[in-house]
Novice: 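Dumping the structure here so I can ask a few things about it.
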Amino acid sequence: MAAHLKKRVYEEFSKVSQQVSLEEVPAAAKKLRLTKPSKSAALHIDLCKATSPTDALQYLLHFARKPVEAESVEGVVRILLEHYYKESDNSVRLKIASLLGLLSKTQGFAPDCIVDDAINTLNNEKSHQVLAQLLGTLLIIGTQLPDKIAVIQRLIDVACKHLSSTYFGVRNKCLQLLGCLGTVDKPLSKETDAGPGAQTSHVRDVQSVISDYFQDQDPRVRTAAIKAMLQLHERGMKIQQTIYNQACKLLSDDYEQVRSAAVQMVWVLSQLYPESIVPIPSSNEEIRLVDDSFGKICHMVSDGSWVVRVQAAKLLGSMHQVSPHFLEQTLDKKLMSDLRRKRTAHERAKELYASGEFSSGRRWADDAPKEKVDTSGVNLIDSGACGAFVHGLEDEMYEVRISAVEALCSLAQSSPSFAEKCLDFLVDMFNDEIEEVRLQSIHVLRQISTHITLREDQLDTVLAVLEDSSRDIREALHELLCYTNVSTKDCIQLALLELLKNLTKYPTDRNSVWNPILICFCPPSIQMSEVPWCSAPNPGAADYIAVLVLVFNAAKSCPTMPALFSDHTFRHYAYLRDSLSHLVPHLRVRNLPALGSVRFFYYYFLEEINTFIKDMFAKMILICVTYRDLLRLGELQTELAGSADFCATYLHCQLLLTKALQEKLWTMAVPLCLKQNAKVSTAARQILDETYKLEFLYSGLETQQIATIHNVRLQAKALQLILMARSKRGVDRVLGVCEKFLQDVESFQRLFMTELPHFQDSFVEKLLELMPRLTACKPLDLVKILQTTLRQSRFIHLKLPEQIHRASATIIEPTGESDNPLKFTSGLVVALDIDATLEHVQDPQTTVKVQVLYPDGQSHIIHPKPGDFRTPGPGRVRLITQVYLSHSAWTEACQVEVRLLLAYSSSSSKPSASKPVWNESLDGLPTSESCIEGTIHLSKPVNVFIMPKPARR
C-alpha cells in the first residue's frame, strides 16, 4: 500500500513540475484539449467485470448499440481480440467476431491493420459457427479494401484453404468470399508481378474451384456456389461457357433454392453466348445456345415451386434474341413433329436417287418417317417448353400469371407477329378472378396496342370489363380503347354503345370516357349518317356531349366530315370548343374564326407585353385589360394555360402594387386615411399570397423567374413594413420587423447572386446599394428610405421559360350536386369518399392536403396516405381516399366545404440551399407541420350536405 501511494505521489509531482516548467516558458505553452473517455477502456472494464459468459454477452450487446469513432476503432478491436483469445464460450466468441465485422465498416477506419489478427484467429478456432462468422468478417474487410491486391490474395487463399470444411456454413462463406473477392479478368488493371498467363490462370482457377461445388452434397452449398458464380458475373468477369452444361443439370435439382439460382445462371449464359452452337442430347442436331436456354427456362415455368415459376416467367420476357419459331411454340401445347423427326425433301430425294426408285404414290405414306426418336431429341426445344406461356397464364398462383403476362408484353413489343398471336391469350386474362391480374393484362394490351387490331369477338370480351366494379380497371380500359385499333365499323358502334351504357351505370366515369383521344381507333371513313345519336330528337345531355366529342375528334383526321355537319352541330361545336377546349380539337369549319394561329400570336404576345408595359408603367388600365385577356386566352388555348396564368398572376401583382403606391395615404396623416390604410394592407397581403402561388403552383420555372418573384415579394414586405411603421404599434415591434426584412434582403443576395445583372434599376438592386446605410440607420429612417425606393423602382421584365405547367386539381367525387344529407350520430364519424385528379403537382404525397371547412368556422386538414395516390400517366396523379367527418348535433342539415390544398415551405425552393449530409436519409419522410409555411388552394371547393343527429338515449 505504501509503495502504491509513493507511486501516486511521484506521478502527481511529475505533473506539477511539468506544468510549472510550461508556465515558465510561455512560447512553448500548449492549449488544453478536452477528450472523450476512451471506448476501449470502458469496454475493457465492462468485460473484466463479467463473471459469466452471459454477462459478457450482455455487455457486448449493449456496446454494439453505441457508435464508435474512427480513431477509437483500432483500440476497441485490440480489446475484443484480447478477450476473444481468453474466452472459452462459443456464443461470446461468435458475438466478438460479429462486432469485428461491424467495426470494420466504420467510416474513416482502414481495416487493413487488423487483417493479420483476424486471419490468425482462424487457425485455432474449433467451432464451425464461429469459424463461419470469422470468414464473414474477413469478407467485410476485403470489400472495404478493394485496392489492396496483396490483402485480397491472402483472403482468397484463406477461403480456398477452408473449403474442405465439413460444415456447410464454412463452405458457404468461403464460396461467397471467392465470389465477392475473386480476381476479375481485367488485363488493364493488373497490379501483381505475375505475368498475363499467371493472371489468366488464376481467374480460371477461381471459376473452376467454384464450379466444383455445383455437385456438393449439401443443397445450401450448391446454391452458394451458383450465387458466387453470379457474383463474379456482376463484378465484370465473363463466365466460361463450359459452365452451361453444369448449370443445365442443376435445373432438375431436388431443392428449390438450387433450381432458382440455376435458372438465373442459365439466363446469364444465354446473354453472354447467344450465338454459340450447342448439341442436342441424343440427336445429331445442333442449336443456338439462346434458343436452347430459352427452351430450358420455358420448361421451368412448370416447376413444382411457384417461386421458381415466377422467376422463370420473368426471365423469359428479357430473352429477345430467341428465334421466332421457338417463341411462337410457347403458345401451342402440341409437340412439334409428332415426336418424329422428318427428313427434308432434299434428303428424301437424294436417298431415292441413290436407290434408283421413286415413290409411285400407290402405297399409303410410303415417304413417312420410319424411326421413333427420343422425346428430348425430337423438338428443337424441350417438350415441356411447348405451351410454356399457356401454362404460365393458367397457373394457380396469381404471381405466376402476372409474371407471364409481363413477359408476353416484353416479347410482343419487339415482335409484332408474336403480338398478334398472343392477343387471344391476353384478352382471355381480362376474365381472371384476381383484380391485379386483370388490371395488369389491360396495361399490357395498352403497351402493345400499336401492333394489334381487335376482332369483334375479342372486343366483346374487352368491353365486358366495363361492367367491373373496380374504378381502376374501368379507367384503364378507357385508356386502352383510346389507343386500340378495331377491325370493322360495327366494332365502333359496339364500343360507343357500351361506353354510353358505362356512362349511365357509372356517371363518375365521364371524365375518362370523354377522353379526347378516344376516337383514335375510328377509321377515317366514318360518316355522320352512321352516328344515329347526332340526329336523335331528344338525346341525353351527357350521351350527346360524349358522342359530339368523339365525332369532333374524328373530324380532325377526316376533312370530309365537317361538310356533313348541320347548323346546330356547328353551333354546338363553337360552344364545346369554348367550354371544353381541352377535349374538343380545333377544326377548320365555316363561320368560325381560325384558332390555330393563336399559339404563335400568343407566345409573341406574352413575350412582348411586359416590354410594352415597361414603357407605360403609369397606365394601370392597360394592365387591367391585359390581365383580363391573358386569363381568357389561357382558357381557349389549354397548352398555353400555364404560361398565361403565370403571366396574368404576375401582372396582377404589379397592378396591386401600382394601385397601392398611388393611394392618398402617402401624402396624408394616418388618422385621415384609415380606409386607404386598410385597403393597402389588404393589397400587400394579397401580393404576398400571389407570389407564393407563382413560386409553388407552377413548375418549369428557372432561377431567373424565381428571383423575379422574390423581388416582388420583397416589395410587398417593404410595403407591409411601411404601413406598420405609420401605425402606432410600438417601436420594438418595428425594430424586429426591420431586422427580419434586412435578413431577407441578404438572403436574396446570397441565393440569386448570378441573377443580379438582370435587376438593373430594380427595387432589390437599390436596396443592395443602400445596404450599408440601412444596417446602420434607425428604424424610422429605414422606413423612409424604403418608401422612397419603393416608389422609384422600375417594373421588372418577366422572361418566360420554354414551358410552364400550372398545378391543379379537380374533385370528381363528391360532385356537390346531391341534396340528400349524410346523416350520422353526433360524436361519431362518417366516411366521405374523395376522388380527385391532380395535374403537374410535384411530390403530391407530401404536399397535397384535404381541407374540410364546417359552417361554424372549424377547419380540419387531413393528410392522405401515400398509398392513396396513383399515377395513371405522366404528369397526372389520381387521389382516391376517405376523410372522416364528425361534429356535434345540428338542428338542420348544413353544407361543409371540401377542397384540396397545396402545402409549401419557402426553404424547400431555394435553389442554392444545400442539404447537410446527415439529413439525406430524411428526404423520403413526410413533411412535418413545422416545415409547412402555408397552403394554397389547389382545387375549387365542393359543398357536401351533412346532418349530425343527436345520440339516442
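No experiment lies behind these values; they were computed from the predicted model shown.
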Novice: Evaluate the side-chain proximity of P814 to D833: yes if any heavy-atom separation is below 4.5 Å, no if none is.
Specialist: no

Novice: Going by heavy atoms in the side chains, are Q686 and H652 under 4.5 Å from each other?
Specialist: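 Yes, close enough: below the 4.5 Å cut-off.
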
Novice: Would you give me the side-chain donor-acceptor pairs under 3.5 Å for residues 715-725, sequence neighbours excluded?
Specialist:
{"unit_1": "Q715", "atom_1": "NE2", "unit_2": "S793", "atom_2": "OG", "d": "3.4"}
{"unit_1": "K717", "atom_1": "NZ", "unit_2": "D744", "atom_2": "OD2", "d": "3.2"}

Novice: Would you indicate whether the side-chain heavy atoms of L463 and L466 approach each other to under 4.5 Å?
Specialist: yes

Novice: Determine, stepwise, if the pair Q705 / E695 fulfils side chain to side chain contact (heavy atoms under 4.5 Å, CB included).
Specialist: CA-CA 9 Å; Q705 286 83 43; E695 184 174 1; over 6 Å; no

Novice: Do F945 and N820 have side chains that get closer than 4.5 Å, going by heavy atoms?
Specialist: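 Side chain of F945 against side chain of N820, heavy atoms only: no contact under 4.5 Å found.
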
Novice: Is the cationic atom of R713 (NZ for Lys, CZ for Arg) positioned less than 6.0 Å from the six-membered ring centroid of F748 and within 45 degrees of its normal?
Specialist: no

Novice: If I take atom CG from residue L480 and atom OG from residue S449, how far apart are they, to the nearest 0.5 angstrom?
Specialist: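 If I round to the nearest 0.5 Å, the distance is 7.0 Å.
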
Novice: Kindly compute the distance separating OG1 (T649) from CG (L694), expressed to the nearest 0.5 Å.
Specialist: 5.5 Å

Novice: Minimum heavy-atom separation for I709 to T691, with atom names?
Specialist: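 Nearest heavy atoms, I709 then T691: CG2-O, 3.4 Å.
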
Novice: Is the shortest side-chain heavy-atom distance between Y904 and I936 below 4.5 Å?
Specialist: yes

Novice: Once side chain to side chain contact (heavy atoms under 4.5 Å, CB included) is applied, do any residues pair with Y884, and if so which ones, sequence neighbours excluded?
Specialist: V829, A831, Q882

Novice: Test side chain to side chain contact (heavy atoms under 4.5 Å, CB included) on I811 and D835 and set out the steps.
Specialist: CA-CA 6 Å; I811 298 178; D835 183 5; over 6 Å; no

Novice: Just wondering, do W306 and E399 contact through their side chains at under 4.5 Å, heavy atoms?
Specialist: yes

Novice: Sub-3.5 Å donor-acceptor pair from the side chain of S747 to the main-chain atoms of Q743, do we have one?
Specialist: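 Side chain of S747 to backbone of Q743, a donor-acceptor pair under 3.5 Å: no, none is there.
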
Novice: Please confirm whether Y698 and H805 have ring centers closer than 6.0 angstrom.
Specialist: no

Novice: From H443 NE2 over to E406 CD, what is the distance, rounded to the nearest 0.5 angstrom?
Specialist: 10.5 Å

Novice: Checking V848 against L901 for the side chain to side chain contact (heavy atoms under 4.5 Å, CB included) test, could you report, in this order, the C-alpha distance in whole Å, the side-chain angles of both residues, the deciding distance, and whether it holds?
Specialist: CA-CA 6 Å; V848 175; L901 303 178; over 6 Å; no

Novice: If only atom types and distance count, is the side chain of E467 paired as donor or acceptor with the main-chain N or O of A464 below 3.5 Å?
Specialist: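 No, because the side chain of E467 does not come within donor-acceptor range (under 3.5 Å) of the backbone of A464.
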
Novice: To the closest 0.5 Å, what do you measure between CE (M429) and CD1 (I442)?
Specialist: 11.5 Å

Novice: Does K940 have any side chain to side chain contact (heavy atoms under 4.5 Å, CB included) partners at least two apart in sequence or in another chain, and if so, which?
Specialist: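 K940: no side chain to side chain contact (heavy atoms under 4.5 Å, CB included) contacts found.
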
Novice: Quick one: closest heavy-atom pair of H840 and A807, and the distance?
Specialist: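 Nearest pair, atom of H840 first, then A807: O-CB, 3.4 Å.
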
Novice: If every non-hydrogen atom of L902 is compared with every non-hydrogen atom of F696, which pair is closest and at what distance?
Specialist: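 L902 and F696 have their closest heavy atoms at CD2-O, 3.5 Å.
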
Novice: Which heavy atom of S826 sits nearest a heavy atom of P950, and at what distance?
Specialist: OG-CA, 3.8 Å

Novice: State which residue, out of I834, V883, L879, fulfils the side chain to side chain contact (heavy atoms under 4.5 Å, CB included) condition with P864.
Specialist: L879

Novice: For L828, does its backbone N or O pair with a side-chain atom of S886 as donor and acceptor, under 3.5 Å?
Specialist: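 Checked: pair present.
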
Novice: Take V877 and V841, measure what side chain to side chain contact (heavy atoms under 4.5 Å, CB included) needs, and give me the verdict at the end.
Specialist: CA-CA 8 Å; V877 177; V841 178; 5.8 Å; no

Novice: Testing the basics here: between I687 and C653, what is the closest heavy-atom pair and its distance to 0.1 Å?
Specialist: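 Taking every non-hydrogen atom into account, CD1-O, 4.0 Å.
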
Novice: Does Y506 have any side chain to side chain contact (heavy atoms under 4.5 Å, CB included) partners at least two apart in sequence or in another chain, and if so, which?
Specialist: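 So Y506 forms a side chain to side chain contact (heavy atoms under 4.5 Å, CB included) with R474, N502, D509.
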
Novice: I'd like to check Y692 versus L697 (side-chain heavy atoms, cut-off strictly below 4.5 Å). Are they in contact?
Specialist: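 They are not in contact (no side-chain heavy atoms under 4.5 Å apart), so the answer is no.
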
Novice: Would you check if E897 and V944 make a side-chain contact, meaning some heavy-atom pair closer than 4.5 Å?
Specialist: no

Novice: Output the distance between atom CD1 (I473) and atom CD (E436), rounded to the nearest 0.5 Å.
Specialist: 10.5 Å

Novice: Sequence neighbours excluded, which residues qualify as side-chain hydrogen bond (donor to acceptor under 3.5 Å, both in side chains) partners of S403?
Specialist: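 Not a single residue meets the side-chain hydrogen bond (donor to acceptor under 3.5 Å, both in side chains) criterion with S403.
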
Novice: Within 45° of the axis and under 6.0 Å from the centre of the six-membered ring of F869, does NZ or CZ of R878 qualify?
Specialist: no

Novice: Give a yes or no on whether the backbone of L900 and the side-chain of S939 come within a donor-acceptor separation of less than 3.5 Å.
Specialist: yes

Novice: Judged by modelled atom types alone, do E435 and S470 share a side-chain donor-acceptor pair under 3.5 Å?
Specialist: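 S470 and E435 do have a side-chain donor-acceptor pair below 3.5 Å.
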
Novice: What is the minimum heavy-atom distance between L838 and A809, and which atoms define it?
Specialist: CD2-CB, 3.4 Å

Novice: By side chain to side chain contact (heavy atoms under 4.5 Å, CB included), which residues pair with Y854, not counting sequence neighbours?
Specialist: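 Partners of Y854 by the side chain to side chain contact (heavy atoms under 4.5 Å, CB included) criterion, ordered by chain and then number, come out as V852, D856, Q858, H860, L885, H887, W890, V896, I946.
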
Novice: In Å, rounded to the nearest 0.5 Å, how long is the span from CZ of R438 to OH of Y398?
Specialist: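 R438 atom CZ to Y398 atom OH measures 13.5 Å (nearest 0.5 Å).
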
Novice: Run T846 and D843 through side-chain hydrogen bond (donor to acceptor under 3.5 Å, both in side chains) and show every step you take.
Specialist: CA-CA 6 Å; T846 57; D843 194 16; 2.4 Å; yes

